[in-house]
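Quick note on labels: first sequence line is chain A, next is B, and so on, each numbered from 1.
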Protein chains: 2
Amino acid sequence: MPLTIGQVALAVDVNVQTVRYYERRGLLAAPQRTVSGYRQYPEDTIGRLRFIRHAKGLGFALREIQELLELRVSRRTACDAVERKTREKIELVEQKIYDLRRINRTLGHLAAACAARRPTDDCPILGALEEHDESDN
Amino acid sequence: MPLTIGQVALAVDVNVQTVRYYERRGLLAAPQRTVSGYRQYPEDTIGRLRFIRHAKGLGFALREIQELLELRVSRRTACDAVERKTREKIELVEQKIYDLRRINRTLGHLAAACAARRPTDDCPILGALEEHDESDN
DNA sequence: CTTGACCTTATAGCTGGGTACAGGGTCTAT
DNA sequence: ATAGACCCTGTACCCAGCTATAAGGTCAAG
């Protein structure tokens, strides 16, 4: 049984307007309509919306999220192109992971220093993310 | 020898206005001024700006970046509070890393399927990031 | 057969994070 | 001593990503 826009919005805890906005932006396919014009969503729309929200929190723009969602191997899609794009995204994500790990290593040192009550002034986090500066995003 | 705003902006490749904007926002301390009112930046400002840029790309809001930068153990700062906050940030960052890894694992499967010319329709990335939905961000 | 909670489109407005412009002062080189 | 490249403040504008409002249609409950 299909869901109304209000139901999916509630399930994912986003605004109804936001769902329609994503449709306009192309992140969500235009769903079936009832005779009276109401949108009817399949249940997996909820997963899609959740994915979008998570990806946003990871620093992806809506445009990028759209690209991620469009990646797939379908019957007649150029396989090579998809593979290339996919590998590009993997690189990008790997870089993000790398940066986050550096941040976390530094935060770990800081927490340790705290626990040991060793006052280490000078913002400690600044060390994280030095180097590899060119080619930023 | 201190740097002018134009010099730091050039070094980090951001707009001069952006540097001033960060000062207004409190991400950058108001620097010394020359008698004529010119800002004089110490060299480590460059590192700080680079950190800000990277952190932005990882989905941190300026507000959060500010908090990260303010974390430090200083002489009389409540050590416990800093440690607690730091551990909170670590959790948050770890969650981001976890999510990114899920995305990348999925992208890896996709690339493999591409290479093997195995058409797997149905957007494969939707599987990544399922579960653990409550308490988002 | 009406009330109230839904849905529709269209358009306007808000927040975050900048970016540009106006109007003016400064500094260095020639 | 003046041109040109910088700096200053203040204000206005821009884009992404929503979010709210207006004006109206739908539908289930009573």
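A salt bridge links Arg39(A) and Glu23(A); the closest N-O separation between the charged side-chain nitrogens and carboxylate oxygens is under 4.0 Å.
Dense packing is recorded around CD of Gln40(A), with more than 12 heavy atoms of other residues, nucleotides or ligands lying under 6.0 Å away. In Glu91(B), the CD atom is not crowded: 12 or fewer heavy atoms of neighbouring residues, nucleotides or ligands sit closer than 6.0 Å. Dense packing is recorded around CD of Glu70(A), with more than 12 heavy atoms of other residues, nucleotides or ligands lying under 6.0 Å away.
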Quiz prompt | Contact state string [nucleotides 10-24 of chain D, B base, S sugar-phosphate only, - no protein heavy atom under 4.0 Å] | solution = -------BBBBB---
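In this structure Tyr21(A) satisfies the side chain to side chain contact (heavy atoms under 4.5 Å, CB included) test together with Arg24(A), Arg25(A), Leu62(A), sequence neighbours excluded. Among residues two or more places apart in sequence or in another chain, the side chain to side chain contact (heavy atoms under 4.5 Å, CB included) test is passed with Arg63(A) by Gln66(A), Glu67(A). Partners of Asn15(A) according to the side chain to side chain contact (heavy atoms under 4.5 Å, CB included) rule, which considers only residues two or more places apart in sequence or in another chain, are Gln17(A), Thr18(A).
For Lys89(A) and Phe60(A), the positive end is not near the middle of the six-membered ring at less than 6.0 Å and at most 45° from its axis.
No side-chain donor-acceptor contact under 3.5 Å links Gln95(A) to the backbone of Leu92(A).
Annotation: proximity of residues 31-39 of chain B to DNA chain D (heavy atom, distance under 4.0 Å) is found for Arg33(B), Gly37(B), Tyr38(B), Arg39(B), numbered in ascending order.
For the atom pair CD1 (Ile52(A)) and OG1 (Thr45(A)), the distance works out to 9.5 Å, reported to the nearest 0.5 Å.
Using a 4.0 Å cutoff to heavy atoms of chain A, the contacted part of DNA chain C runs 5' to 3' from dC6(C) to dT9(C).
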